[in-house]
4 protein chains.
Amino acid sequence: MPVRSKEDVVQEFRVQSIQDAAMRVIARRGMSAATMQEIAEEAGVAKGTIYLYFRDREELVEKTFDGAITELSGRIETALSSEAPFDQKLRAVLSAEIGFFREHREFFRLYISLRRPEGRQKRTCEPRYRARIERMAAVLRQAMERGEIRTMDPTRLALFLIEGSDAIVIERVLQEEPPPEQEDIDLIAGVILEGIRQ
Amino acid sequence: MPVRSKEDVVQEFRVQSIQDAAMRVIARRGMSAATMQEIAEEAGVAKGTIYLYFRDREELVEKTFDGAITELSGRIETALSSEAPFDQKLRAVLSAEIGFFREHREFFRLYISLRRPEGRQKRTCEPRYRARIERMAAVLRQAMERGEIRTMDPTRLALFLIEGSDAIVIERVLQEEPPPEQEDIDLIAGVILEGIRQ
Amino acid sequence: MPVRSKEDVVQEFRVQSIQDAAMRVIARRGMSAATMQEIAEEAGVAKGTIYLYFRDREELVEKTFDGAITELSGRIETALSSEAPFDQKLRAVLSAEIGFFREHREFFRLYISLRRPEGRQKRTCEPRYRARIERMAAVLRQAMERGEIRTMDPTRLALFLIEGSDAIVIERVLQEEPPPEQEDIDLIAGVILEGIRQ
Amino acid sequence: MPVRSKEDVVQEFRVQSIQDAAMRVIARRGMSAATMQEIAEEAGVAKGTIYLYFRDREELVEKTFDGAITELSGRIETALSSEAPFDQKLRAVLSAEIGFFREHREFFRLYISLRRPEGRQKRTCEPRYRARIERMAAVLRQAMERGEIRTMDPTRLALFLIEGSDAIVIERVLQEEPPPEQEDIDLIAGVILEGIRQ
DNA sequence: CATGAATGAGAATTCATTCAT
DNA sequence: AATGAATGAATTCTCATTCAT
């Protein structure tokens, strides 16, 4: 039975609400225009309070990103964990991604910002991005070995697939009324699996 | 016939060298860490001089981006202008893109930064990005009408195709020794045209 | 007979332990880098608790200083209270100072810091310092009147004597292995009483 | 012939006036309460301007101190350079010190502040202080070797002499109408050379 | 009484922009 | 036209002080 004192709960709540605020502000303003002041206001706390929970701006951004991408990774992992054939896995992953970004609309901008480091940020969040690519590459390699798909450079293919589908997922975030999720999933899966040639 | 005085030539030269400098500095430092001071030094002019040719930092960045993407668009347009079948056009476009980024390695970072506005930038450079998507969508639509490829949402497909292939092109920029261009072109064209199913 | 309730005792204990903590922290960090947080931790109480016993940081520092210098004054007073001739009194005072700083190594830094007010401190602790000078001046004046020493400005002489000997006392605090106390006492007393001329 | 462009002169003038301002503000407020804002105002420049000439606050303070103590050292060196007997040298040094602090009344506080590091300051200015002690110790050692003064620990004696006389010099700075300089010089020299015993 | 999380005024520093030369 | 020193608004971060629990 986990022992969580009231303090821990409050602590966790604060951390979470500050990270949520950071996510929204970064989404609004972009990475480098997101000021601690605005994040504090968004979180409904004073500037100084943030520094009780995060060493500095860098740590806040990093942890905010990390928290979100960890959740995304978790969902993708779940989608990949079955023993289903590749095409079903692909659809499951696409569905997980669309679902995640639907629930975390703000994240997409943070995600874009942090793929490559910018300005003040010293530590890049690229490793997490890289890991995502490599995870997909591993899945593709397995499918190749099983003869489910053609043999080609799996990392290149993973890059193409992830970025291509991310673009559509992000586009959905920006659209007022995106088409049904299944439609986009089918489009991507169809293109990848069968190509577009008539 | 337009008369270009010596002043115009000098003007144009200055504008170009400042933009080139901006591109290199942004590539080095990232969008928000690129300072006017460093851009001026890179261009070999004084900080104040930049303001004779550009209203402010924002305009400089925007025009720098515009100049580069105009060239990229031009190359893509050339690749698309033939009456060749779709698969040849696709390969030509991919080749144009790879060539462009090979020659303008610095641009990729500016390109990434500006797809969505960031930080101080108020005006987005998205329209140019959007236009690129729409141009590709138009090509795809035409191919669909001609029965060369299956019918589906051309904008979605364009997004997927451009972002997916951009990711590979950018990866090439980051690699010390990227594989032969033809290899990546074949991979992308193969996936898109035929799919990956065995 | 004054009645000291349990509350008074607790009160006094708290005040004393906070002051002791303040002294140690100031000694470690220096006057302006000594934070209330660190003093509280050193004292083993919460930050807020300090404010139950001291109006603000200023009062804490002042009273801390006052407590210590009161003890120093007491020892010096004891050394001066005899009817011994001046040279014996001088040696007794020097011995008292050296002993005090040996036992309160931390104090020297507070002492140095507060001779003249610094930073946030508005009220100077100079009066206590001044009083010490004047006390020595009175002793010197008496010795002059008794014909034990030459007649000269007693305050100037007191300044010279106290600061000169403080410097040596403080140097002792900083040294890993200071020479025997008697050696330094003899040096100072010898110089003052007989001069250094061969 | 020294080549000093107009720029160099302006540069030097700015540096000097900012250092002078820093000296005055530190004298007024104390080391750690002296803000860059107030120093800038005192110097009649904008906050940012200081950073054109000094990397950061620390460098400003350090250089300000260094400039002043270099001048003090220079005067003392001149006073010590003659081949005069020790008592004349002693008087010359005392005279140099009194003169220096008369002309740089503000400096005394900076001097006091920096003998031992405080708060933000990382690099101590103690070496310069130490050097001054050692210089005096060397003079005293020479006088001992020549048989002009009694043999004793020269560093201890230097400490006692310098701090004792500094105290009087600083007292003079604080006094509205200090006594004639010769009087204080005679007092110190008399005490040191002959002692105070009747 | 004691606590320590929260506050926010204030400090250092950066950098786009201006303007006298 | 070109310069670059000067500016000061804006930003991050610190820490004395308060106050609800």
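Hydrogens, waters and symmetry mates are skipped; everything else that's a heavy atom, side chains included, is used.
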Hey, are the side chains of [X] and [Y] touching, using non-hydrogen atoms and a 4.5 Å cut-off?
X: Lys63(B); Y: Val15(B); result: no
X: Met31(B); Y: Val61(B); result: yes
X: Thr49(B); Y: Arg14(B); result: yes
X: Glu62(A); Y: Phe54(A); result: no
X: Arg128(A); Y: Thr70(A); result: yes
X: Met36(B); Y: Leu60(B); result: yes
X: Asp20(B); Y: Glu42(B); result: no

In whole Å, what is the span from the [atom1] atom of [X] to the [atom2] atom of [N]?
X: Met31(A); N: dT11(F); atom1: CE; atom2: C1'; answer: 16 Å
X: Glu59(B); N: dT17(E); atom1: CD; atom2: P; answer: 11 Å
X: Met36(D); N: dA10(F); atom1: CE; atom2: P; answer: 20 Å
X: Phe54(A); N: dT14(F); atom1: CZ; atom2: C1'; answer: 18 Å
X: Ile18(B); N: dA1(F); atom1: CD1; atom2: C1'; answer: 12 Å
X: Gln37(B); N: dT14(E); atom1: CD; atom2: P; answer: 13 Å
X: Glu41(D); N: dG8(F); atom1: CD; atom2: P; answer: 11 Å
X: Tyr51(A); N: dA11(E); atom1: OH; atom2: C1'; answer: 13 Å

Contact summary for Ala22(C) and Thr64(C), nearest pair of heavy atoms: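 It is CB-OG1, 3.8 Å.
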Check the interface with nucleotides 3-7 of chain E: list each N/O to N/O pair with the protein under 3.5 Å, or write none.
residue: dT3(E); atom: OP2; partner: Ala46(C); partner atom: N; Å: 3.2
residue: dT3(E); atom: OP2; partner: Thr49(C); partner atom: OG1; Å: 2.4
residue: dG4(E); atom: N7; partner: Gly48(C); partner atom: N; Å: 3.2
residue: dA6(E); atom: OP1; partner: Arg14(A); partner atom: NE; Å: 2.5
residue: dA6(E); atom: OP1; partner: Arg14(A); partner atom: NH2; Å: 2.9
residue: dA6(E); atom: OP2; partner: Tyr53(A); partner atom: OH; Å: 2.3
residue: dA6(E); atom: N6; partner: Lys47(C); partner atom: NZ; Å: 3.2
residue: dT7(E); atom: OP2; partner: Ala46(A); partner atom: N; Å: 2.7
residue: dT7(E); atom: OP2; partner: Thr49(A); partner atom: OG1; Å: 2.5

Among dA16(E), dT12(F), dT13(E), the one nearest Arg57(A) by side-chain distance: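 Ranking dA16(E), dT12(F), dT13(E) by closest atom to the Arg57(A) side chain puts dT12(F) first.
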All side-chain contact (heavy atoms from CB on, under 4.5 Å) counterparts of Lys47(A), not counting sequence neighbours: Gln37(A)
Watson-Crick and G-U pairing of DNA chain F, under 3.5 Å, as dot-bracket with | and [ ]: .||||||||||||||||||||
